[in-house]
Amino acid sequence: MKNKKITRKITQGMYVLTTKDGGCIVDAVSQVSAGENPLIAVSVMKTNYTNELLKKSNQFALSVLGKNANSEIIKTFGMHSMRDMNKFEKIKTTEIEGIKTIDDSLGYMICEIVDKIENETHTLFLGRLIEADVLKEEEAMSYSYYQEHKEELLKVTTEKGKTAWICTICGYVYYGENLPNHFKCPLCGASNEAFERKA
């Protein structure tokens with residue numbers, strides 16, 4: 001039996017990945033070299049619009065989320081696509097090296113993309129750190145903390161009188177009496193089995 005929940009025990013944090021014209025929540029981030037300008041790797045799902053934007057850009061930023069980060073940041077960058085809304089409208093940001101970083105974060109890293117590695121579901125972007133700073137000395141939000149508190153962090157308010165289907169993985173909301181056959185979440189790629197109906 002394969003219990004993939006064990007992967008949640010891999011120590012990793014929660015970040016807002018931003019690039020020119022977009023951004024999303026990511027957790028698969030790692031420092032893969034040392035030195036004055038270390039390499040930082042981040043994995044982004046191919047179905048995510050930010051993946052498309054990154055392939056047109058030469059830079060990205062990672063804003064490190066703390067345990068006390070405003071849940072609206074997670075909802076905005078984790079449950080919506082820049083195809084449908086401007087995620088930067090309601091979230092305070094500061095532009096550094098031409099890329100928006102999240103003000104309510106523990107700090108940021110600006111990286112210049114040096115390589116891209118494709119696999120069947122994600123693209124691994126390798127970036128060389130060119131600028132960084134610490135904004136707060138607080139505990140970082142871990143992926144396991146996010147999983148344990150996901151229900152409160154992603155508390156979804158649906159439109160009254162409409163039938164909603166909520167993705168239990170990322171919180172995306174689909175409105176309609178029935179979920180289409182073979183429907184996949186446009187944000188995280190989860191199948192329709194991951195959706196719960198809310199009338």
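Given the structure is predicted, the values throughout are model-derived calculations rather than measurements. Note that these values count all heavy atoms, side chains included, but never hydrogens, waters or copies made by symmetry.
For the pair Leu106/Leu135, no side-chain contact is recorded, criterion being any heavy-atom separation below 4.5 Å from C-beta on. The closest side-chain heavy-atom distance from Val42 to Leu124 is not below 4.5 Å. Here the side chains of Tyr108 and Asp133 are in contact, with some heavy-atom distance below 4.5 Å. With contacts defined as side-chain heavy-atom distances shorter than 4.5 Å, the pair Leu54/Thr123 does not qualify. Taking the side chain as every heavy atom from C-beta outward, Val26 and Met14 never approach each other to under 4.5 Å. Contact of the Thr18 side chain with the Thr50 side chain is not registered, since no non-hydrogen atoms from C-beta on lie closer than 4.5 Å. Counting heavy atoms from C-beta outward, Arg128 and Ile113 have side chains that stay 4.5 Å or more apart. Between Glu131 and Glu112, the closest side-chain pair of non-hydrogen atoms is not below 4.5 Å.
The pair Glu177-Lys162 does not count as a salt bridge, with every side-chain nitrogen at least 4.0 angstrom from each carboxylate oxygen. A salt bridge links Glu139 to Lys67: one of the charged nitrogens lies within less than 4.0 Å of a carboxylate oxygen. With respect to Asp104 and Lys136, a salt bridge is recorded, a charged nitrogen being found less than 4.0 Å from a carboxylate O. Ion pairing of Lys55 with Glu118 is present here, as a side-chain N (NZ or NE/NH1/NH2) and a carboxylate O approach within less than 4.0 Å.
Residue Tyr145 is not grouped with residue Val64 when hydrophobic side chains (ILVMFWY) are merged at heavy-atom distances under 4.5 angstrom, including chains of intermediate members. Under the 4.5 Å side-chain heavy-atom criterion for ILVMFWY residues, a single connected hydrophobic cluster contains both Tyr143 and Ile102. The hydrophobic cluster containing Ile73 does not contain Leu62, counting ILVMFWY residues as joined when their side-chain heavy atoms lie under 4.5 angstrom apart, directly or transitively. Hydrophobic clustering (side-chain heavy atoms under 4.5 Å, transitive across Ile, Leu, Val, Met, Phe, Trp, Tyr) groups Met109 together with Phe125. By the criterion of side-chain heavy atoms lying less than 4.5 angstrom apart, applied directly or through intervening Ile, Leu, Val, Met, Phe, Trp or Tyr residues, Tyr15 is grouped together with Val44 in one hydrophobic cluster.
Distance check, rounded to the nearest 0.5 Å: OG of Ser144 to NE2 of His149 gives 9.5 Å. Separation of atoms CD (Glu72) and CD1 (Ile91) is listed at 6.5 Å; rounding is to 0.5 Å. Going from atom OH of Tyr146 over to atom CD1 of Ile25 covers 8.0 Å, rounded to the nearest 0.5 Å. Expressed to the nearest 0.5 Å, how far CG of Leu179 lies from CD of Glu196 amounts to 12.0 Å. In this structure, Cys111 SG and Glu97 CD are separated by 11.0 Å, a value rounded to the nearest 0.5 Å. A distance of 10.5 Å separates NZ of Lys90 from CG of Asn86, quoted to the nearest 0.5 Å.
Of the candidates Thr93, Ile74, Thr76, Leu65, Leu65 is the only one forming a side chain to side chain contact (heavy atoms under 4.5 Å, CB included) with Val16.
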ask   = Run the side-chain contact (heavy atoms from CB on, under 4.5 Å) check on Thr163 and Arg197 step by step: do they pass?
value = CA-CA 7 Å; Thr163 300; Arg197 188 176 186 270; 3.7 Å; yes
request  = Apply the test ring pair (Phe, Tyr, Trp, His ring centres under 6.0 Å) to residues Phe77 and Phe88: give CA-CA distance (whole Å), side-chain angles for both, the deciding distance (0.1 Å), then the verdict.
outcome  = CA-CA 9 Å; Phe77 284 91; Phe88 298 114; 5.7 Å; yes
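Of the possible polar contacts, one joining the Trp165 side chain to the Gly176 backbone as a donor-acceptor pair under 3.5 Å is found. Under the 3.5 Å distance criterion, the side-chain polar atoms of Ser81 are matched with a main-chain donor or acceptor of Arg83. Judged purely by atom type and a 3.5 angstrom limit, Gln31 uses its side chain to pair as donor or acceptor with the backbone of Ser33.
Between Phe183 and Tyr174, the ring center distance clears the sub-6.0 Å criterion.
No hydrogens or angles considered: nothing links the side chains of Thr94 and Thr101 as a donor-acceptor pair under 3.5 Å.
Taking each heavy atom of Asn192 and Pro180 in turn, the nearest pair found is ND2-O, 3.5 Å. Closest non-hydrogen pair, Leu53 versus Gly22, comes out as CD1-CA, 3.5 Å.
For Lys92, the NZ atom is loosely surrounded, since the number of other residues' heavy atoms within 6.0 Å does not exceed 12. The environment of NZ in Lys46 is crowded: more than 12 heavy-atom neighbours from other residues, nucleotides or ligands sit within 6.0 Å.
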